[in-house]
Novice: 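To start, I am sharing the structure in question, which I have written as structure tokens.
We're numbering straight along the sequence, starting at 1. The basis for the numbers below is simple: all heavy atoms, side chains too, and nothing from hydrogens, waters or symmetry mates.
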Amino acid sequence: MSQDAAGGPPPGAHTDEPHRQGLSQRLNGLRAGVLGANDGIVSTAAVVVGVAGATTATGPVLVAGLAALVGGAISMALGEYISVSSQRDSEHALIQKERRELAEDPDAEFAELVGLYEAQGLSRDTATRVATELTASDVLKAHLSVELNLDAEDVVSPWTAALASAVAFTVGAVLPLLTILLAPVEVRIALTFVAVLIALAVTGYLAAWIGGARRGRAILRTVIGGALALGATYLVGSLFGVASA
């Protein structure tokens, strides 16, 4: 199907289905953003809860929280950039390989395309007609789509993933940091636990929605993991505080 002149979905397409170009970019940014927010919430909360378990002073909690936020955001951005850059390089290499094969032996490539359409259930005549029409429009795009499930105009961007991850990590980290700093000392750890677990339930839901997975299981998994992380660091901080008293 072809898109309309305004760049919208093809005629007759459902508006809630991902027919538009740039889907890889959007999903890549969403994935990095959700994972970044989840890591920001858990890692920063674990640090501040651990420090708060060792001391009631606000200064050390603030310094530790800010260090965790800045260091974590940079680390997440760098990790996403390196990971997605490797994926992008692999996609570019595959695209160049397919372009070279089309230039060197177009007949063999056309026969391969017809065979792939036949493997999807089309008759020989229909497969040949489909391959002929698609290659007449954009031969490289036709082969990339069927052979490699790639789009040369929709290669993932490492900068998009890095920025989304860093921003999301920062936003996620701000929640536990502000909660533990603004809450009364006697209840700040409990309130931070509650705020963090609610936020993790939200990120778990979003992660499942993006991946099309079961929401309940993803939420439970994320919340339990966060609770274990907070419990472990609070225990360490409490033991250290008692030992230092």
Novice: For A46 and T233, work out which heavy atoms get closest and say how close.
Specialist: O-OG1, 3.0 Å
Novice: Would the number of heavy atoms belonging to other residues, nucleotides or ligands and lying under 6.0 Å from CZ of R215 be above 12?
Specialist: yes
Novice: Could you state whether V171 and L163 fall into the same hydrophobic cluster, counting links through intermediate Ile, Leu, Val, Met, Phe, Trp or Tyr residues with side-chain heavy atoms under 4.5 angstrom apart?
Specialist: yes
Novice: So if you build clusters from Ile, Leu, Val, Met, Phe, Trp, Tyr with side-chain heavy-atom gaps below 4.5 Å, do L197 and V49 land together?
Specialist: yes
Novice: Short question: side chain of S83, backbone of E80 - any donor-acceptor pair under 3.5 Å?
Specialist: no
Novice: Spell out, as yes or no, whether a donor-acceptor pair under 3.5 Å connects the side chain of T44 to the backbone of A173.
Specialist: no
Novice: Quick one: side-chain hydrogen bond (donor to acceptor under 3.5 Å, both in side chains) pairs with a partner in residues 191-208, sequence neighbours left out?
Specialist: N38-T203
Novice: Using the test salt bridge (charged side-chain N to carboxylate O under 4.0 Å, His left out), find all partners of E147 that sit at least two apart in sequence or belong to another chain.
Specialist: none
Novice: Between L200 and G226, what is the shortest heavy-atom contact and its length?
Specialist: CD1-CA, 3.5 Å
Novice: Any pair with a residue in residues 86-136 that passes ring-ring contact (aromatic ring centres under 6.0 Å, His included), sequence neighbours left out, goes on the list, sorted by first then second residue, please.
Specialist: none
Novice: So, taking the atom named CD1 in I41 and the one named CD1 in I198, what distance separates them when rounded to the nearest 0.5 Å?
Specialist: 11.0 Å
Novice: Starting from L116, can I reach V114 by hopping between I/L/V/M/F/W/Y residues whose side chains sit under 4.5 Å apart?
Specialist: no
Novice: What's the separation between atom CG in D39 and atom OG in S75, rounded to the nearest 0.5 Å?
Specialist: 9.0 Å
Novice: Report the distance from atom CG of D107 to atom CG of D105, rounding to the nearest 0.5 Å.
Specialist: 6.5 Å
Novice: Minimum heavy-atom separation for A103 to P106, with atom names?
Specialist: O-CD, 4.1 Å
Novice: Determine the minimum heavy-atom distance between A131 and T135, stating which atoms define it.
Specialist: O-OG1, 2.6 Å
Novice: Of all residues at least two apart in sequence or in a different chain, which pass the ring pair (Phe, Tyr, Trp, His ring centres under 6.0 Å) check with Y81?
Specialist: W159
Novice: Would you compute the distance between atom CD1 of I95 and atom CZ of R88 and round it to the nearest 0.5 angstrom?
Specialist: 11.5 Å
Novice: Tell me if a side-chain donor or acceptor on S145 pairs with a main-chain N or O of K141 at a distance below 3.5 Å.
Specialist: no
Novice: Do V139 and L94 sit in the same hydrophobic cluster, where Ile, Leu, Val, Met, Phe, Trp and Tyr count as joined when their side-chain heavy atoms come under 4.5 Å apart?
Specialist: yes
Novice: Of the non-hydrogen atoms in L102 and E109, which two are nearest, and what is the gap between them?
Specialist: CD2-CB, 3.6 Å
Novice: In this structure, are over 12 heavy atoms from other groups packed under 6.0 Å from F193 atom CZ?
Specialist: yes
Novice: Can you hop from V174 to V196 via hydrophobic side chains spaced under 4.5 Å?
Specialist: yes
Novice: Can you tell me how far CG of L140 sits from CZ of R99, rounded to the nearest 0.5 angstrom?
Specialist: 5.0 Å
Novice: Under the rule for side-chain hydrogen bond (donor to acceptor under 3.5 Å, both in side chains), what residues qualify as partners of E101, not counting sequence neighbours?
Specialist: K97
Novice: Drop me the distance from R124's CZ to T126's OG1, to the nearest 0.5 angstrom.
Specialist: 11.5 Å
Novice: Side-chain donor-acceptor contacts of residues 178-189 below 3.5 Å, not counting sequence neighbours, with atom names and distances?
Specialist:
| residue | atom | partner | partner atom | Å |
| --- | --- | --- | --- | --- |
| T179 | OG1 | L175 | O | 2.7 |
| R188 | NH2 | T55 | O | 3.1 |
| R188 | NH2 | T56 | O | 3.3 |

Novice: State, to 0.1 Å, how close V42 and A229 come at their nearest heavy-atom pair, and which atoms those are.
Specialist: CG1-CB, 3.9 Å
